[in-house]
Amino acid sequence: MEQFLSDRLTVSTGDITSMDVDAIVNAANSSLYGGGGVDGAIHRAGGPSILEECRDIRSHRYPDGLPPGKAVITKAGDMSCDYVIHTVGPIWHGGKTDEREVLADAYRNSLKLASETGIKTVAFPAISTGIYGFPKKLAAVIAFETIQEHLRRNSLPRQVKLVFFSESDLECFNQAVDKSRMSV
Ligand code: ADP
């Protein structure tokens with residue numbers, strides 16, 4: 001496991017559903033009704049109560065779905081963490097539709113919500129880099145810089161864990177953030 005900003009940002013591989021943290025972030029889709037990838041894994045591990053809360057959020061706050069870049073929070077059902085922060089990353093369309101800014105918003109708004117909720121430790125998957133097709137190295141730099149910026153300005157969350165699903169994705173991150181790391 002690698003550490004940045006003292007120990008406030010850590011990077012590792014693993015399954016996000018079994019992280020020892022207060023909250024995990026879900027790379028959801030706008031429907032909030034579950035899906036494939038990490039979204040499916042979180043709903044399977046957490047059980048039906050998460051979907052019930054998501055339906056409630058849809059009917060009361062987001063009848064047309066959660067827009068990309070925004071974030072909402074639910075409890076975590078059967079998982080050991082307390083909360084799931086659901087955010088929607090951008091679908092990659094070649095970089096012509098503000099995908100970079102929307103991805104930064106997804107990280108920024110998830111961190112803001114974590115901070116407002118009093119969450120001390122939070123784990124993120126590599127949002128948008130699966131089914132949504134965002135280039136992994138570019139996503140790594142955006143994730144790293146956006147998280148860094150939040151941590152510099154806020155005391156909560158105290159620690160952020162970036163969790164990659166494979167060694168090759170972790171390697172991709174390490175290559176991509178080499179320069180940014182030097183400025184930490
Ligand atoms: P998106 O639709 O935002 O691209 P995906 O779930 O398809 O979301 O993928 C996002 C990232 O999450 C990918 O890098 C994928 O390999 C990773 N991933 C999938 N399942 C898990 C899991 N259980 N824990 C951590 N990361 C996961």
Side-chain angles (χ1 to χ4, degrees), residues 1-2 9-47 50-51 54 58 62 65-74 76-111 113-114 121-144 146-147 157 159-177:
M1 184 197 293
E2 292 206 54
L9 176 57
T10 70
V11 182
S12 67
T13 54
D15 177 354
I16 201 158
T17 62
S18 51
M19 288 288 135
D20 181 20
V21 284
D22 297 337
I24 62 174
V25 175
N26 182 14
N29 58 59
S30 287
S31 80
L32 296 179
Y33 295 157
V38 72
D39 197 5
I42 287 172
H43 280 277
R44 272 194 302 279
I50 300 178
L51 189 58
C54 285
R58 276 293 305 272
Y62 291 104
L66 184 66
K70 301 276 188 210
V72 295
I73 192 164
T74 65
D78 300 332
M79 287 184 288
S80 62
C81 58
D82 297 324
Y83 298 100
V84 178
I85 294 171
H86 306 260
T87 190
V88 180
I91 297 172
W92 181 256
H93 290 295
K96 300 186 184 82
T97 56
D98 281 340
E99 292 98 317
R100 294 170 182 80
E101 196 49 40
V102 176
L103 185 62
D105 281 347
Y107 280 96
R108 212 176 279 131
N109 286 322
S110 297
L111 288 163
L113 193 48
T121 53
V122 62
F124 279 87
I127 299 167
S128 283
T129 65
I131 298 157
Y132 281 4
F134 205 106
K136 290 179 177 179
K137 287 189 178 174
L138 181 55
V141 172
I142 293 168
F144 186 68
T146 311
I147 292 167
Q159 190 179 54
V160 175
K161 297 184 184 204
L162 267 178
V163 180
F164 293 96
F165 209 36
S166 68
E167 286 295 336
S168 64
D169 286 356
L170 176 62
E171 180 53 29
C172 235
F173 172 90
N174 282 329
Q175 286 174 7
V177 302

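Indexing begins at 1, ligand by ligand and atom by atom, following the structure's order.
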Query raised in the report: Residues in side chain to side chain donor-acceptor pair (under 3.5 Å) with S12, at least two apart?
Result: none
Requested in this report: Search all heavy atoms of I50 against all heavy atoms of V84 and return the closest pair with its distance.
Outcome: CD1-CG2, 4.2 Å
Query - Nearest neighbour in protein (non-hydrogen) for atom 24 (N) of ligand 1 - result: I16 N, 3.0 Å
Query raised in the report: Which atoms from ligand 1 have a heavy atom of A27 less than 4.0 Å away?
Result: 3 (O), 8 (O)
**Report entry** Identity and distance of the protein heavy atom lying nearest atom 4 (O) of ligand 1
**Finding:** G130 N, 2.9 Å
Query raised in the report: Of the non-hydrogen atoms in G14 and F165, which two are nearest, and what is the gap between them?
Result: O-CD1, 3.5 Å
Query - ligand 1 contact by G14, heavy-atom criterion under 4.0 angstrom - result: yes
Report task. Looking only at distances, please establish whether an N/O atom of ligand 1 is found under 3.5 Å from an N/O atom of G36. Result -> no
Query - Heavy-atom closest contact (I16 atom, V38 atom, distance) - result: CG2-CG2, 3.6 Å
Query raised in the report: Which ligand 1 atoms does D15 reach within 4.0 Å, using its non-hydrogen atoms?
Result: 22 (C), 23 (N), 24 (N)
Query raised in the report: Any nitrogen or oxygen of G37, main chain or side chain, under 3.5 Å from a nitrogen or oxygen of ligand 1?
Result: no
Query - Per-atom contacts, ligand 1 versus D169 - under 4.0 Å to a heavy atom - result: 14 (O)
Query raised in the report: Taking all atoms of both residues into account, what is the closest heavy-atom pair of P68 and G89, and its distance?
Result: CB-O, 4.2 Å
Query raised in the report: Out of S166, S128, A126, whose heavy atom sits nearest atom 11 (C) of ligand 1?
Result: A126
Query raised in the report: Backbone N or O of E167 within a donor-acceptor pair of the T13 side chain at under 3.5 Å?
Result: no
Report summary line: Looking only at non-hydrogen atoms, the one of F165, F134, F124, Y132 nearest atom 20 (N) of ligand 1 is F165
Requested in this report: For atom 6 (O) of ligand 1, state which one of V38, T129, T17, D39 supplies the nearest heavy atom.
Outcome: V38
Report task. Report yes if some N/O of A41 lies less than 3.5 Å from some N/O of ligand 1; otherwise report no. Result -> no
Report task. Would you please classify the geometry between the F144 ring and the F173 ring as parallel, tilted or perpendicular, with 30° and 60° separating the classes? Result -> perpendicular
Report task. Report, as yes or no, whether the 6.0 Å neighbourhood of atom OH on Y83 holds more than 12 heavy atoms from other residues, nucleotides or ligands. Result -> no
Query raised in the report: Does K136 pair with E171 as a salt bridge, N-O distance under 4.0 Å?
Result: no
Query raised in the report: To the nearest 0.1 Å, how far is atom 7 (O) of ligand 1 from its closest protein heavy atom, and which atom is that?
Result: I131 N, 2.8 Å
